[in-house]
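What follows is a set of notes on a single structure, which appears directly below.
Naming: A, B, ... by sequence-line order, numbering from 1 per chain.
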Number of protein chains: 2
Amino acid sequence: MSPTVRPPSFTHKHNHAACIADAIKAAEQCCAQNGTRFTSQRRRVLELIWQSHKPVTAYSLIKSLRKEKENTEPPTVYRALEFLQENNLVHRIESLNAFVGCEHPEKEHRSQFMICNQCDQAMELRNSRRIENAISTEASKLGFAISSSTVEITGICPSCQ
Amino acid sequence: MSPTVRPPSFTHKHNHAACIADAIKAAEQCCAQNGTRFTSQRRRVLELIWQSHKPVTAYSLIKSLRKEKENTEPPTVYRALEFLQENNLVHRIESLNAFVGCEHPEKEHRSQFMICNQCDQAMELRNSRRIENAISTEASKLGFAISSSTVEITGICPSCQ
DNA sequence: AGGGATATGTTATATATTAACATTTTACCA
DNA sequence: TGGTAAAATGTTAATATATAACATATCCCT
């Protein structure tokens, strides 16, 4: 079954239920493949993150979870987030101390985000070899061996202009 | 007087006293030009930041300042940092919640950093139009209007390899 | 069923940042 | 030159973010 073709996440009107469903299905498949356990807590956190394309903070997740289960403590959420990050299911947005669902979790990859100051949505670039290549070129010019990268662009998204 | 020519900051052996001196002199000139006040507190914080090329956290600055003046409270440091950032004298490293001296504060600019996992030093790229262009190109392809960008690459610097 | 590995619960604390209001210092000009 | 508004700093407290450490439960394998 081929993945759903869907407009970029900045397109404000889209069938977001499909985003969520696809993300959960992809997560199940990833975890099955990796032999990691997609427990109900982890699933619930991932679902909450996918409620929108806006990065959410750990503490807003804690608040949400407390509506369902009173004494949800920080480690619960941070552990789930750690798991989801390790399995490429969510990305951390460093400039916001927040987390957003990964839109193509199939394999580990460097990520680049465009984050709208108006609607707060974050869009992950797909297949942006251009930026990656530019970074790799600069690094090798300097003799720097890359292990990870953070690229977060803020501004106004097309739908908000 | 032309600026000192100096090897890139990742070169572990360099005359770091000159880095500090140049940074302070540049700060004086910037502030004079902008009509902003380079008070002794701000100068002291900038000097502390420039003790090395390693990004420092706000709290490590507070600790340092407390050795000189017992009751230094967080707002003291955060205000100085705010001023220094506004005047392009320091950059914030989002992925570390830490601050590092700007190596070319003459005018506002987008910054890109390479951060070594071994020696913890951060090097700011100079004139890296390549990365900026790649980002601009991607953004305009998507119709995204950039207002700021965060580019932080981690890995191993040449001196540490 | 036993037992080690993994996950979750629980309590406490560390780290990072800002709000709000009081006081002091500076710049400027009447 | 002294009055005053703006800017800077002091002070107290609160909020936001993240992790340590240890206890208990659950899962998976044989």
| query | CZ of A/F38 versus C1' of C/dA7: gap in Å, rounded? | reply | 15 Å
| query | How about B/H14 and B/C19: do any of their side-chain heavy atoms sit closer than 4.5 Å? | reply | yes
| request: Measure the acute angle between the ring planes of A/Y78 and A/Y59, then classify it against the limits of 30° and 60° as parallel, tilted or perpendicular. | output: perpendicular
| field | Partner residues of B/E70 under the salt bridge (Lys or Arg N to Asp or Glu O under 4.0 Å) criterion, sequence neighbours left out | value | none
| In whole angstroms, how far is the C1' atom of C/dA7 from the CG atom of A/N87? | 14 Å
Check nucleotides 7-17 of chain D against the protein and report each pair of N or O atoms closer than 3.5 Å, with its distance, or say if there are none.
{"unit_1": "D/dA8", "atom_1": "OP1", "unit_2": "B/R42", "atom_2": "NH1", "d": "3.1"}
{"unit_1": "D/dA8", "atom_1": "O5'", "unit_2": "B/R42", "atom_2": "NH2", "d": "3.4"}
{"unit_1": "D/dT9", "atom_1": "OP1", "unit_2": "B/T39", "atom_2": "OG1", "d": "2.8"}
{"unit_1": "D/dT9", "atom_1": "O5'", "unit_2": "B/Q41", "atom_2": "NE2", "d": "3.4"}
{"unit_1": "D/dT9", "atom_1": "O3'", "unit_2": "B/Q41", "atom_2": "NE2", "d": "3.4"}
{"unit_1": "D/dG10", "atom_1": "OP2", "unit_2": "B/Q41", "atom_2": "NE2", "d": "3.1"}
{"unit_1": "D/dG10", "atom_1": "N7", "unit_2": "B/R79", "atom_2": "NH1", "d": "2.7"}
{"unit_1": "D/dG10", "atom_1": "O6", "unit_2": "B/R79", "atom_2": "NH2", "d": "2.4"}
{"unit_1": "D/dT11", "atom_1": "OP2", "unit_2": "B/N71", "atom_2": "ND2", "d": "2.8"}

| task | Take the protein atom CZ of B/R66 and the nucleotide atom C1' of C/dT15, then report the distance between them rounded to whole Å. | result | 13 Å
| task | Indicate yes or no: does B/R42 engage B/E47 in a salt bridge with an N to O separation below 4.0 Å. | result | no
| said: Output the rounded distance in Å from CD (B/E82) to P (C/dA16). | reply: 18 Å
| Validation row, ring centre B/H53 to ring centre B/H12 under 6.0 Å | no
| remark: With sequence neighbours left out, the residues meeting ring-ring contact (aromatic ring centres under 6.0 Å, His included) with A/F113 are A/H91
